[in-house]
Amino acid sequence: MTRPVLIIGAGIAGLWAALKLAPRRVILLTGSPLGEGAASGWAQGGVSAALAEDDTPALHARDTIEAGAGLVDTEAAHALAAGAAEQVRELAAIGAPFEREGEAWSLSREAAHSRHRVARVTGDGAGAAIMQTLIAAVRAASHVEIRDGWSAAALIPAEDGGCAGAIARSPTGETVEILAEETVLAMGGAGGLFALTTTPAGAQGQAMAMAARLGAEIQDPEFIQFHPTALNAGLDPAPLCTEALRGDGATLIDRAGHRFMKAIHRDAELAPRDVVARAVHRHNQGGKGAFLDCRCAIGDTFPVHFPAVFAACMSAGIDPRVEPIPVAPTAHYHMGGVAADIDGQTSVPGLWAIGECASTGLHGANRLASNSLAEGLVSAARVAKVLTDASLRATDRAPAVKPAHIPPALPPLALTRLRQAMSRYCGVERSGAGLAELSALIEAMIARHGEADALIAARFITAGAIARTESRGGHFRTDFPKARATARHTRLSLADLADTRPHALAHTAPAE
């Protein structure tokens, strides 16, 4: 029997790829119980797509490129923009309840978009609604075998230098070897490496560590997007206050009631996310405070138009109808990851990466708002098209395998210490001195606990941040506050991490 396609991860990218791979046999490892551990379900804004009459894929691509601060791969941007609307329509056709205004789509406008182009569900419920639709469809798909609650412990190396599948761990701790013709990583990002995050804590950059052990390159790991407006109420994870609030007119004010973004950027609250995040961070650090004022723009309609944000605020003792919401920038999305082309193919035969864990150059140094769910859908459709191609199936790979090494787990107290250090030294603003201290801490933890996935992922992020001696997009160095004239990608292998000195980490190539 032909080996199956193995998909690791069950967010929007993994589920959509599983559906579209029919009739190929698919084994889906969900990580957490299906629907519980994916960041996709927490996404509030929606899916960016050129669905409006005054919009075009070319405009969507232009906005993506402009937001990415010189590092966006133009082919990837145009591929996303050209494919997003079709994927939204297909999702709607299988039951995703996108808002409509008669025959037209109800669209939000978010930061750095030149048009209203974010297809939404009940204001802030897009991610959860899309996940419910996809989960129901995958459960009904006869070609998909769901290993609910099973996670990947390690990838299996093949004798030909490729990937032959994965060692899977069951919910009871049992480990099983799953051999696969092709393995698709759809494992999400790295927000769980930070003490302040809007993502599930279990998203710790595992895909980077696993792929790198097989020889894959990691691209632009230093670029973490910090969402400007997470609820600042001491919660872990921090509830997100969707950008759609600002798109609908909410403003950012300090403790004195002064609206501060108008003096910082021409687009004020709808400036690119990195600009808004730094402004909010500096106001909080300087003691002025930062608050999202929705009283006039949203007011009494809050419970109906933005029920998820309203519920989070009320549970924290804040009524956003009558008082401003305290906010802080929080680790939200990883623009870097496993280097892959626009179809998800990595440099390792038989290994593919899609969604947030991949770095195709689509987001550059700063992701355009609501391009994440769009990327998950479009990248899933593209990888499925390649892997169902008749010419590929005619040359199915069945390589001999080598033993796979299962890395150690990082103890909970050590993980807490790592998360605190990552937020302190590799957060919204960074410095060479702080990054050097962080790097030394990571090396000491590796010496004590072994090469756990979380430590290897943190090592890549820190190494990239040390190597990038400039400020660009989501990466801001206080000791190098200006951008270099030439934009360059960071590309690192596991071998590059053997020497963490800055000169040894500048293994870069020009941006396309």
How far apart are the C-alpha atoms of D54 and L59, what are their side-chain angles, what is the distance that settles it, and do they pass the side-chain contact (heavy atoms from CB on, under 4.5 Å) test? CA-CA 10 Å; D54 67 343; L59 286 174; over 6 Å; no

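- Annotation: the span from L80 atom CG to D73 atom CG amounts to 11.5 Å, rounded to 0.5 Å.
- Residues forming a side chain to side chain contact (heavy atoms under 4.5 Å, CB included) with E470 (at least two apart in sequence, or on another chain): R468, R472, A483, R484.
- Using a distance-only test at 3.5 Å, with no hydrogens or angles considered, no donor-acceptor pair links the side chain of D343 to the main chain of Q345.
- Every side chain to side chain contact (heavy atoms under 4.5 Å, CB included) that K402 has, sequence neighbours left out, goes to P157, E159.
- For V144 against V138, the heavy-atom pair with the smallest separation is CG1-CG1, 3.9 Å.
- For the residue pair D453/Q204, the side-chain donor-acceptor check at 3.5 Å is not satisfied.
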Test side-chain hydrogen bond (donor to acceptor under 3.5 Å, both in side chains) on T64 and N371 and set out the steps. CA-CA 8 Å; T64 297; N371 265 0; 3.0 Å; yes

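- I456 has its side chain out of reach of M208: every pair of non-hydrogen atoms, C-beta onward, lies at least 4.5 Å apart.
- Under the side chain to side chain contact (heavy atoms under 4.5 Å, CB included) criterion, E103 pairs with no residue, sequence neighbours left out.
- In this structure, E177 has no salt bridge (Lys or Arg N to Asp or Glu O under 4.0 Å) partners at least two apart in sequence or on a different chain.
- Using a 4.5 Å heavy-atom threshold, the side chains of R213 and P407 count as touching.
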Run the side-chain contact (heavy atoms from CB on, under 4.5 Å) check on L28 and D148 step by step: do they pass? CA-CA 8 Å; L28 177 69; D148 204 356; over 6 Å; no

Side-chain donor/acceptor pairs under 3.5 Å, residues 82-97, sequence neighbours excluded:
unit_1: Q87; atom_1: OE1; unit_2: W16; atom_2: NE1; d: 2.8
unit_1: E90; atom_1: OE1; unit_2: K20; atom_2: NZ; d: 2.7

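- With sequence neighbours excluded, no residue satisfies side chain to side chain donor-acceptor pair (under 3.5 Å) with H334.
- In this structure, a donor-acceptor pair under 3.5 Å is absent between the side chains of Q219 and T490.
- In this structure H405 satisfies the side chain to side chain contact (heavy atoms under 4.5 Å, CB included) test with no other residue, sequence neighbours excluded.
- The salt bridge (Lys or Arg N to Asp or Glu O under 4.0 Å) check on E66 picks up R266, with sequence neighbours excluded.
- Taking both residues in full, the closest heavy atoms of L214 and G162 are given as CD2-O, 3.9 Å, listed atom of the first, atom of the second, then distance.
- The line from CD of E217 to CG of D496 is 7.5 Å long, rounded to the nearest 0.5 Å.
- A donor and an acceptor atom, one from each side chain of E182 and W352, are located under 3.5 Å apart.
- In this model, a donor atom of one side chain and an acceptor atom of the other lie less than 3.5 Å apart for H332 and T198.
- At least one side-chain heavy atom of R62 sits under 4.5 Å from a side-chain heavy atom of S114.
- In this structure, R367 satisfies the cation-pi test against Y333, with its NZ or CZ atom closer than 6.0 Å to the six-membered ring centre and inside 45 degrees of the ring normal.
- Qualifying side chain to side chain donor-acceptor pair (under 3.5 Å) partners for S370, counting only residues two or more places apart in sequence or in other chains: E110.
- How far CG of D341 is from CZ of R382: 8.5 Å, rounded to the nearest 0.5 Å.
- Looking at R147 and I27, their side chains come closer than 4.5 Å, going by heavy atoms from C-beta outward.
- In this model, no donor atom of one side chain and acceptor atom of the other lie less than 3.5 Å apart for S48 and R117.
- For R109 and H113, the side-chain atoms include no donor-acceptor pair closer than 3.5 Å.
- Between the side chain of H265 and the backbone N or O of P272, no donor-acceptor pair lies under 3.5 Å.
- One finds the CG atom of L185 at 13.5 Å from the CD atom of E356 (value rounded to the nearest 0.5 Å).
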Report, one line per pair, each donor and acceptor closer than 3.5 Å where one atom sits in a side chain of residues 7-14; sequence neighbours left out.
none

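- Once rounded to the nearest 0.5 Å, the distance linking OG1 of T330 with CG of L235 reads 10.5 Å.
- A distance-only check finds no donor-acceptor pair linking the side chain of T197 to the backbone of L193 [under 3.5 Å].
- The existence of a salt bridge linking K385 and D389 is excluded, since no basic side-chain nitrogen approaches an acidic carboxylate oxygen closer than 4.0 Å.
- Residues satisfying the salt bridge (Lys or Arg N to Asp or Glu O under 4.0 Å) criterion with R169, sequence neighbours excluded, are absent altogether.
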Test S106 against R100 for side-chain hydrogen bond (donor to acceptor under 3.5 Å, both in side chains), laying out the working first. CA-CA 5 Å; S106 178; R100 304 295 286 263; over 6 Å; no

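- The distance from atom NE2 of H116 to atom CG of L51, rounded to the nearest 0.5 Å, is 13.5 Å.
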Please report the C-alpha distance between S359 and D220 in whole Å, then the side-chain angles of each, then the deciding distance to 0.1 Å, and finally whether the side-chain hydrogen bond (donor to acceptor under 3.5 Å, both in side chains) criterion is met. CA-CA 7 Å; S359 179; D220 298 338; 4.5 Å; no

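- Nearest approach of S379 to I354, heavy atoms of both residues: OG-CB, 3.5 Å.
- For the pair T360 (side chain) and A76 (backbone), a donor-acceptor distance under 3.5 Å is absent.
- Residues meeting the salt bridge (Lys or Arg N to Asp or Glu O under 4.0 Å) test with R246, sequence neighbours left out: E243.
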